[in-house]
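Atoms within a ligand are numbered from 1 in the order they appear, just like the ligands themselves.
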Amino acid sequence: MKISIIGQGYVGLTIAASAAEHFEVVGFDTNREIVAKLNSGISHIEGVQSSVLAKLIKSGTYRATTNGSDIQGSGIVVIAVPTPLSNDREPDLKYIDAACKTIGENTTTQVLVINESTSFPGTLRNFIKPAIDKYSSSQIEHLYAISPERVDPGRGDFNQKNTARLYSGMTPEASGKTKEFYSKFCDNLVEVSSPEVAEAAKLFENTFRQVNIALVNEFAQIAHALGISVYETLDAANTKPYGFMKFTPSAGVGGHCIPVDPTYLAAVAEAHGAPATFIRRANEVNLEMSEYIVRRVVEDNSGNLQSKNVLVVGVAYKPNVADVRETAAELVIEHLRSQGAVVSWHDEVVGSWRGESSAPLQGADIAIVVTKHDSVDEKKILASAPYVFDTTGKVKGAKGL
Ligand SMILES: NC(=O)c1ccc[n+]([C@@H]2O[C@H](COP(=O)([O-])OP(=O)(O)OC[C@H]3O[C@@H](n4cnc5c(N)ncnc54)[C@H](O)[C@@H]3O)[C@@H](O)[C@H]2O)c1
């Protein structure tokens, strides 16, 4: 069977690589540069190795394309496109709509459409299906299912194969076919009673993280005000074998999921007249962490950062990946610049970002560690400036939360 996957980013390419071990896979993406890279056997994400991709291309089971008509003849089409926030930080389904257009215009026989993009409950039933119907020139009744992705790029212990996967079809036939597809490369499939439950579960998982990270970030500020160590306190609480889960403070949350998904949940809640005050506040607390950190650094440096050379160490949103989407480093840099600091950044995993290149890890007046990659030497960080503020809790001997 031919499978098409719309969007060849972190999620889409991961699925494509697994599915291509069992099916003929076409990866459709609107980004020409990414498609050219993929077709020459170069992966652009951490979770899929170039050697694996090259092997799949050579065996003829995978190819990338920018041509929508190449999805014709597929039995299954998976949607894996971005679901960002709009400028006013509300859900923006424009990429999903574009994916539906590609599907509607290029399918002349019945397909199973599976959505893996994260969105609010009701997206499959009330947005994706009507959009595909609208863009189709024929009256075909497609099958529809949801299976939210849980991949954590760069993670070693849990991957697509051994992480439980939720799914639900809009009809029993869609559910059955979805199970058949994923069972080829996922060990543990969990069916839920409706697509809306699967969509809501995905949002709630990430909201759980957002809220707990906000809680520990607020607690870090309380611990500092009380003159006690936040890390020692968390370790002490973590000796309780039940009813507690340890989260650690940070400069904020980043990536495409944790800062975004809770807003999707809050928006759909409010649209249905249910308040989401707690979720909205958690988001604010995490966004405010960058300002708090810069305030602490200002206090430690005689209340003035004017013309100081400040090096931000680690701008990826989390360790050991090159992903800078929604990174907390962006707000930290913004607040530092508003204080008159001359800011550069060091991150060899990221390399270049916003038209700037990674600066050497040395010679600064102040260093602020936002993300600590395993490859970055702790001693070199400590030697990079006379004052080092660590937001990660990983650089022993530095000032910190
Ligand atoms: N990255 C993660 O860890 C992760 C985990 C779980 C769920 N998700 C969700 O999965 C979805 C995709 O996220 P991602 O991280 O893979 O995004 P990504 O930005 O890495 O990849 C998305 C790809 O889609 C392409 N694209 C955009 N519009 C398109 C269109 N109309 N047609 C075809 N391709 C198009 C982009 O060029 C890009 O290559 C999002 O809803 C996200 O919330 C992501």
Less than 3.5 Å between some nitrogen or oxygen of [X] and one of ligand 1, yes or no?
{"X": "E149", "result": "no"}
{"X": "T118", "result": "yes"}
{"X": "T102", "result": "no"}
{"X": "D29", "result": "yes"}
{"X": "V11", "result": "yes"}

Point to revise | Proximity of I34 to ligand 1 by residue part, where a heavy atom lies under 4.0 Å | key: side chain
Exercise for review: Heavy-atom distances under 4.0 Å are what count here, so tell me which part of C257 touches ligand 1: side chain, backbone, both or neither.
Suggested key: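 Just the side chain.
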Point to revise | Stepwise side chain to side chain contact (heavy atoms under 4.5 Å, CB included) check, L189 with Y167 | key: CA-CA 7 Å; L189 295 171; Y167 72 98; 3.8 Å; yes
For [X], counting its heavy atoms only, list the atoms of ligand 1 lying under 4.0 Å from any of them.
{"X": "H256", "answer": "13 (O), 40 (C), 42 (C), 43 (O)"}
{"X": "T83", "answer": "40 (C), 41 (O), 43 (O)"}
{"X": "P82", "answer": "22 (C), 24 (O), 27 (C)"}
{"X": "I6", "answer": "32 (N), 33 (C)"}
{"X": "A98", "answer": "31 (N)"}
{"X": "K202", "answer": "6 (C), 7 (C)"}
{"X": "N31", "answer": "37 (O)"}

Review point. Under a heavy-atom criterion of less than 4.0 Å, does V81 contact ligand 1?
Key: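 V81: in contact with ligand 1 (<4.0 Å).
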Check your understanding: R325 near ligand 1, heavy-atom distance under 4.0 Å?
Key ->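 It does; at least one heavy atom falls under 4.0 Å.
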Review point. Would you call the rings of H142 and Y144 parallel, tilted or perpendicular if under 30° counts as parallel and over 60° as perpendicular?
Key: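 H142 vs Y144 ring planes: perpendicular.
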Review point. Between F181 and F23, how do the two ring planes meet: parallel, tilted or perpendicular, split at 30° and 60°?
Key: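 Aromatic pair F181/F23 classed tilted.
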Below 4.0 angstrom, N of the basic side chain to O of the carboxylate: do [X] and [Y] qualify?
{"X": "E141", "Y": "K129", "value": "yes"}
{"X": "E116", "Y": "R165", "value": "yes"}
{"X": "E46", "Y": "K318", "value": "no"}
{"X": "E105", "Y": "K101", "value": "yes"}
{"X": "K399", "Y": "D300", "value": "yes"}

**Study point:** From L124 atom CG to I79 atom CD1, the distance as rounded to the nearest 0.5 Å
**Key:**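 CD1 of I79 is found 8.0 Å from CG of L124.
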Exercise for review: Test side chain to side chain contact (heavy atoms under 4.5 Å, CB included) on I293 and L401 and set out the steps.
Suggested key: CA-CA 8 Å; I293 284 158; L401 292 166; 4.1 Å; yes
Check your understanding: What protein heavy atom is closest to atom 35 (C) of ligand 1, reported as residue, atom name and distance in Å?
Key -> T30 OG1, 3.4 Å
